[in-house]
Engineer: 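To start, I am sharing the structure in question, which I have written as structure tokens.
What you see below is based on every heavy atom in this structure, not just the backbone, and it leaves out hydrogens, waters and symmetry mates. Here the structure is a predicted model, which means the values were calculated and not measured. In the text below, chain A, chain B and the rest are named by the order of the sequence lines, each starting its count at 1.
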There are 8 protein chains.
Amino acid sequence: DFSKVDLERQKRTGYPEVIYGEGKTVDQIVAIMRALHTNHQNILATRILPEQAAGIQKALPNVTYHETARCMTEVATRQPETKSFIAVVTAGTTDIPVAEEAAVTAELYGNRVQKVYDVGVAGLQRLLMHIDTIRQAKVVIVVAGMEGALVSVVGGLVDVPVIAVPTSVGYGASFKGMTALMAMLNSCASGVTVVNIDNGFGAAYSASMINHLGGTDD
Amino acid sequence: DFSKVDLERQKRTGYPEVIYGEGKTVDQIVAIMRALHTNHQNILATRILPEQAAGIQKALPNVTYHETARCMTEVATRQPETKSFIAVVTAGTTDIPVAEEAAVTAELYGNRVQKVYDVGVAGLQRLLMHIDTIRQAKVVIVVAGMEGALVSVVGGLVDVPVIAVPTSVGYGASFKGMTALMAMLNSCASGVTVVNIDNGFGAAYSASMINHLGGTDD
Amino acid sequence: DFSKVDLERQKRTGYPEVIYGEGKTVDQIVAIMRALHTNHQNILATRILPEQAAGIQKALPNVTYHETARCMTEVATRQPETKSFIAVVTAGTTDIPVAEEAAVTAELYGNRVQKVYDVGVAGLQRLLMHIDTIRQAKVVIVVAGMEGALVSVVGGLVDVPVIAVPTSVGYGASFKGMTALMAMLNSCASGVTVVNIDNGFGAAYSASMINHLGGTDD
Amino acid sequence: DFSKVDLERQKRTGYPEVIYGEGKTVDQIVAIMRALHTNHQNILATRILPEQAAGIQKALPNVTYHETARCMTEVATRQPETKSFIAVVTAGTTDIPVAEEAAVTAELYGNRVQKVYDVGVAGLQRLLMHIDTIRQAKVVIVVAGMEGALVSVVGGLVDVPVIAVPTSVGYGASFKGMTALMAMLNSCASGVTVVNIDNGFGAAYSASMINHLGGTDD
Amino acid sequence: DFSKVDLERQKRTGYPEVIYGEGKTVDQIVAIMRALHTNHQNILATRILPEQAAGIQKALPNVTYHETARCMTEVATRQPETKSFIAVVTAGTTDIPVAEEAAVTAELYGNRVQKVYDVGVAGLQRLLMHIDTIRQAKVVIVVAGMEGALVSVVGGLVDVPVIAVPTSVGYGASFKGMTALMAMLNSCASGVTVVNIDNGFGAAYSASMINHLGGTDD
Amino acid sequence: DFSKVDLERQKRTGYPEVIYGEGKTVDQIVAIMRALHTNHQNILATRILPEQAAGIQKALPNVTYHETARCMTEVATRQPETKSFIAVVTAGTTDIPVAEEAAVTAELYGNRVQKVYDVGVAGLQRLLMHIDTIRQAKVVIVVAGMEGALVSVVGGLVDVPVIAVPTSVGYGASFKGMTALMAMLNSCASGVTVVNIDNGFGAAYSASMINHLGGTDD
Amino acid sequence: DFSKVDLERQKRTGYPEVIYGEGKTVDQIVAIMRALHTNHQNILATRILPEQAAGIQKALPNVTYHETARCMTEVATRQPETKSFIAVVTAGTTDIPVAEEAAVTAELYGNRVQKVYDVGVAGLQRLLMHIDTIRQAKVVIVVAGMEGALVSVVGGLVDVPVIAVPTSVGYGASFKGMTALMAMLNSCASGVTVVNIDNGFGAAYSASMINHLGGTDD
Amino acid sequence: DFSKVDLERQKRTGYPEVIYGEGKTVDQIVAIMRALHTNHQNILATRILPEQAAGIQKALPNVTYHETARCMTEVATRQPETKSFIAVVTAGTTDIPVAEEAAVTAELYGNRVQKVYDVGVAGLQRLLMHIDTIRQAKVVIVVAGMEGALVSVVGGLVDVPVIAVPTSVGYGASFKGMTALMAMLNSCASGVTVVNIDNGFGAAYSASMINHLGGTDD
Ligand SMILES: Nc1ncnc2c1ncn2[C@@H]1O[C@H](COP(=O)(O)O)[C@@H](O)[C@H]1O
Ligand SMILES: Nc1ncnc2c1ncn2[C@@H]1O[C@H](COP(=O)(O)O)[C@@H](O)[C@H]1O
Ligand SMILES: Nc1ncnc2c1ncn2[C@@H]1O[C@H](COP(=O)(O)O)[C@@H](O)[C@H]1O
Ligand SMILES: Nc1ncnc2c1ncn2[C@@H]1O[C@H](COP(=O)(O)O)[C@@H](O)[C@H]1O
Ligand SMILES: [Mg+2]
Ligand SMILES: [Mg+2]
Ligand SMILES: [Mg+2]
Ligand SMILES: [Mg+2]
Ligand SMILES: [Mg+2]
Ligand SMILES: [Mg+2]
Ligand SMILES: [Mg+2]
Ligand SMILES: [Mg+2]
């Protein structure tokens, strides 16, 4: 009664309801997962702590836990993988958990993913070494904390949509990601749109929609 | 010498450099437009006040001024129009200038555009009456000020990417668009990405990239 | 001596003083409860942690603890229940503790309450399925975090006062409820007033005043 | 085509659509007023500058301009006046325009209104002299800028709902009303709900709904 | 070497250096206390946690710990007590720790202190019952969290300086005292000055200076 | 009827009501001044623009306008001047209008005033040259914009109360005085209390109360 | 008497006092300039509007006005120009006025200056084309608005100190330069320090100190 | 694969990549340290907690942990120490950890360092006693929390570059260092540049660059 699982969502938007784990009890999450499982829908739960995961797996041992990504998944129907791919790029090492949330989401939704991690602009040659890979993507997710400058540099070098994910990495005047968020919204490069701080899931969701335009063979 | 026009941008990103008019003198804008014209690139200038426009047209009478959109354009090579279209949706009447900036940009870039204006959620039936049109779009731009709730409602009803544009419409705790911006970043609907306050141009730029995926025949 | 319990409040405003538990010691709370009990006034304490509750119940075993609502109550004089009711609506599952604080408060004050939980606008059909119930209420409390869009949608569909309660549910640019609060203050729907973040108690207090206008038979 | 007037709103919510004048052209406002007039609905337009008013009255001479309140009204069907009344209270003289916006709105909607102006708490005896009037109201609107303390004092002295309207009166750390808004949301008095800065209209709209509960004879 | 105790301060400003305990190790605090003790200066340390206090008293058993006030003191030379007094007033029970920090400081500096606690404006009669005491003070310290309205009410009723201390009591839009601070800076009552959030010490320091003007016999 | 002049205030607090000119019409100000004049109370109006002053003087030619201070005054009963004095100190030249508002207020209230202007800490010797004068004051008002460091330096050198007035002087990250305000609230010097940005009047009001303690002969 | 010109500053810090023009009258500025002129010190005044400049030049025709830079200068003793140079780099065309304030300041202080304007990272090749010039500088000033990403890219490519100047260029979430400021403080490149928004003067002042280390022959 | 160590950085900028420890696992840090060690580059890791340090030293016992500074270092090639020195100055005792981060960094980079701790402006004579030492430095780092006034006083007394480091020391309106940061950016003293809150490392990095200009013999 605490929850009305939106089982029509898959039909309406192409994707089933996703469980946001923060602030939910293990019992609540298990109940929602059961409803999805019974309806043969893919399960994706984000923001799941290791303790929660352990509790959930006691009830539902077939649900997989992705530790770095803090996500749980269960595949009801495996989707065909797209030929085109989503590039997931990070500025630093500490941005990786958010990037992995994006990667796990994108892969569950049937997207091929290429990861290019730790190529922040303070060492520009690292980015330039991988720019060709990035350029071949159908859509690029850029994950960065601190000042988020990587977004503008990538945005100026590619001709596909860039989705920017600010992270809460940093200290002091980084304001837990607010500075990166504001900087990305002001990017001097065009073709950049932005999601909430640490929202790897949301970036992957939009990227998956874009990557599937024109079918999975593209 | 005040400006190094980025004439390679078209090759690199698929779109020529765009002129941001605010804070530039008429002479500076005219000089940049001349450089683009000479290189046979389309001209788009945003945030052009009527006074600036008048001054520019004295020097360059072939450049068109779109008054509501506050933009100037000159077409060097007309692009074929896409079959698929971008829906531009506004919550209220006062959001229209930003929506028009998006529409002018999208059309210059060869996109078919459908406008659905003044369908804010306080009168939900207005939105529901037009939801079928919106659902047929390949990508949706939602323009809203105040609390920006229209984004979440539209986002929950479509299965294509939604680009949200907060506007500076409102007063008091609307903080010149900051509240709408923050609300949109927190949208409970998935598949929403966000651009800067009043940035109709940026939304259309990304939407055009997405709308062209799979070619103009789609 | 640390406290001057406002025993006249019931006469002056119709409702006895309420204990805000945060930052008070068990001894302080017990002392205030004793003063109210001795004066035959109803007891309501909010923001009581399980540890505090256990300590208080050692001294005062007749006081009930509502765990999800984090409230304690003791009924001195049971009030007649109103015929008209207050609807308490939430956007998500994690908004429920705040909604329960509102429900416990409203019921203690003699109001009939109808709960409609987890009907956020990302799945609009869930709300539309329950809109008739909501429309029959004399006053509606809407509890939502993140971007708070549910308030505007409900506000546009009913002809009774809506009291909006932003919650601290969310992350990143939700700013612990500030975004929802600001969004609700800017609601494009008329007839909406707002209380502090997570203030289920305050919403129920005002709703109870409204629900009792015209007597309990209405 | 810039506007879809919500002519069903009266049926749905009991009140016709209201025109927010800021940022609209005279032509747009006149067109919306015509649509309402043709449908025999009451007209209320807020935030109308004297220049706009003059332009509108050229086209529609029967629409009245309330200068201090910055509102325009036209009565299609005069509503019976309620017996119960709404008290509109201000802290200072400079809060009066916002209070008048509330009063004009409330009167148009058929409410009896009592005004108690300039009774800020720095001279408490002024408030105490008028507290009996205020106590007889069915609902109280308190309008205050600066630190907004009047709300808490009134809230502690009455047993009816209080709707607080922060105003942008003040300077420096008043942040154009933000300080009053935040203070009111934190009021130590119960039974207080809050609307946006300077939103006299919104306060009156909710107050009217409350004042009509139990019919106009109460 | 980590510290240069300002042993001249007593001569220069009339008061010895005071130890701010937060972020200092027990060893650092003991060393500074030893320097003051050796120089026959009064010791006052604020923001001392119980754990720190226990450690300090192992080395310096003669230093007293005031638990509610979170202060430690040692009197080198007892000052004559003033005839005039400082009133320390709080809005609620949870404001008491800050008020006690003020009281301990004021008493160490030789001031007579009168405490009037829990007289917030939601129950105005509680304040009015004690207003005569407050009016006889030479200076008044008002300690309040949430919206801080007590400051303006007291400020309008007395003819002596009022020093306002905002506290971090509250939740949501109280912003850990920021709302109370801003409200107090905007007080509509004249004669109010303000110190930092939770700064009971600073308020008492200034109050002591004022209370000693005209000598201790006044 | 727009105003209830608080004619009892002089008896209650020792000082008559003061007119805050911003946002009031000339007619409103004249009416309030007439009420005060008729009651033989001193007139002080702050924040009066030259245009307002001209209009007021047409009706009331005996009221003096202090242009730099933006104040108007009329003396009903000249008060005896205190022997002790208030020092008014500024950091820069552009802080002078606020300092003059303080000086005009203080002098009207019968205080001797000493002005020490433009002694900001970037040229510390300027302050040290005048420190003896400042030290002889009974209370010191320090007026500063930008980072407000002068307050801490003065506060560390005197043994009397310091009232800090942040000004809106500066640009960029000075946030119209907010930075100076916050810095002053965090002053490492004790004995400092703070008033609102640009509030020279409020500082002088409190300073006058303090300066009169112990009578005017002190 | 409004001003105590700090004529010792040149001896103490190596540079004479500089006049900050905003908020000063023409008479005040002329008086300060006269004092400096009489003492044979170089004159630099910043933030001088064209109207102010015209008024000043009536009194002091030998003072030069730099229009784009909004500065006035008069050279008392021409300093030898350094061999090493300061690079002044801007991201866009609209950042030039701030860059010119830096250049005028640096040149008055005897520094060789190289300007590299409009090389923002959205067109990275423009920066790479000029990077050799920038690398030869002894210190680099980077001037950028919007998201300020240029700072991190330049900072990662040079081995000399970078001084970052955020500008108020941008709109919406650029917050008049606050976003650029915060981004620059969080730069992932080391060796970056930051000055206030639009503070070209301050950047040049520090750069001049650095550029002169080791003498003017370096 | 989580990390692309920027081994070219030493050649490009003169300094090897530095490890920011926060949010990294022990394994990640050890792997990066190994890469640097293998390439004969100096190791510097900042923000290392004692627990992390213990884990790292198990794998790499030759890496030194500086506890107060929360840094780890390993010297590959010892650099010659400069003759000129960097002064590191703090306002209080609690600012020392940040100062030590600066000192450890500066010394690793071959700079002579002089520490002047606890000389805040509330006891100005402490600073004046050490001003000669500070004046002989080639560059000064000032570390201060609360209101950061020490920066302006030092900045007005020296003729070399000052790098200001705000610290998160303070409470209430210190906003974890934001007030100090803003105050320092607004310093009325020229020649001051600023780094992020608590960024001792960044200040030392820039200071080292400056201190090495003109060679190590200067
Ligand atoms: N990490 C995430 N960030 C943002 N939204 C999410 C995330 N995970 C799930 N969601 C959304 O949150 C909704 C569930 O909310 P609730 O009803 O509270 O469980 C889902 O339908 C998703 O659209
Ligand atoms: N309305 C706009 N909002 C955001 N960015 C814009 C806008 N118009 C143009 N731009 C971008 O600003 C860049 C030009 O900056 P500038 O060198 O200052 O003229 C263009 O390349 C566009 O990418
Ligand atoms: N410059 C000022 N700053 C703050 N408060 C002021 C100022 N001038 C007058 N006041 C106060 O504002 C009150 C008048 O407010 P009002 O009723 O709006 O005229 C007076 O009683 C004063 O206490
Ligand atoms: N554009 C500027 N930005 C920051 N500080 C400045 C600027 N121009 C001048 N100054 C400083 O402001 C001081 C003068 O302030 P004032 O006494 O108000 O004239 C000078 O000594 C300079 O150090
Ligand atoms: Mg890295
Ligand atoms: Mg509309
Ligand atoms: Mg749900
Ligand atoms: Mg008044
Ligand atoms: Mg209480
Ligand atoms: Mg000066
Ligand atoms: Mg450009
Ligand atoms: Mg100290």
Engineer: Relative to chain E, which segment of H/A122 carries a heavy atom at a distance below 4.5 Å: side chain, backbone, both, or neither?
Structural biologist: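 Both the backbone and the side chain of H/A122 come within 4.5 Å of chain E.
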
Engineer: Side chains of H/H66 and H/T73: do they bring a donor and an acceptor to under 3.5 Å?
Structural biologist: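 Yes, a side-chain donor-acceptor pair sits under 3.5 Å.
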
Engineer: Between E/R12 and E/D6, does any NZ, NE, NH1 or NH2 come within less than 4.0 Å of an OD or OE carboxylate oxygen?
Structural biologist: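 Between E/R12 and E/D6 there is a salt bridge, with a charged N closer than 4.0 Å to a carboxylate O.
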
Engineer: With a 4.0 Å cut-off on N to O distance, would you call E/E8 and H/R126 a salt bridge?
Structural biologist: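 Salt bridge: no.
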
Engineer: Test E/H37 against E/E74 for side-chain hydrogen bond (donor to acceptor under 3.5 Å, both in side chains), laying out the working first.
Structural biologist: CA-CA 8 Å; E/H37 181 93; E/E74 193 196 62; 2.8 Å; yes

Engineer: So for E/Y20, is it side chain, backbone, both, or neither that comes closer than 4.5 Å to the heavy atoms of chain H?
Structural biologist: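 E/Y20 touches chain H through side-chain heavy atoms alone.
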
Engineer: Do H/R70 and H/I48 come close enough that some side-chain heavy atom pair is under 4.5 Å?
Structural biologist: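 Of all side-chain heavy-atom pairs linking H/I48 with H/R70, none is under 4.5 Å.
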
Engineer: Less than 4.5 Å to any heavy atom of chain H: does that hold for the side chain of E/Q28, its backbone, both, or neither?
Structural biologist: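 Contact with chain H: side chain only.
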
Engineer: Please look at H/V169 and chain E and tell me whether the side chain, the backbone, both or neither of the residue comes under 4.5 angstrom of a heavy atom of that chain.
Structural biologist: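 For H/V169, neither part sits under 4.5 Å from chain E.
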
Engineer: Heavy-atom pairs under 4.5 Å with chain H are the metric here; pick the option from E/N199, E/D198, E/T13 that has the most.
Structural biologist: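 It is E/N199.
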
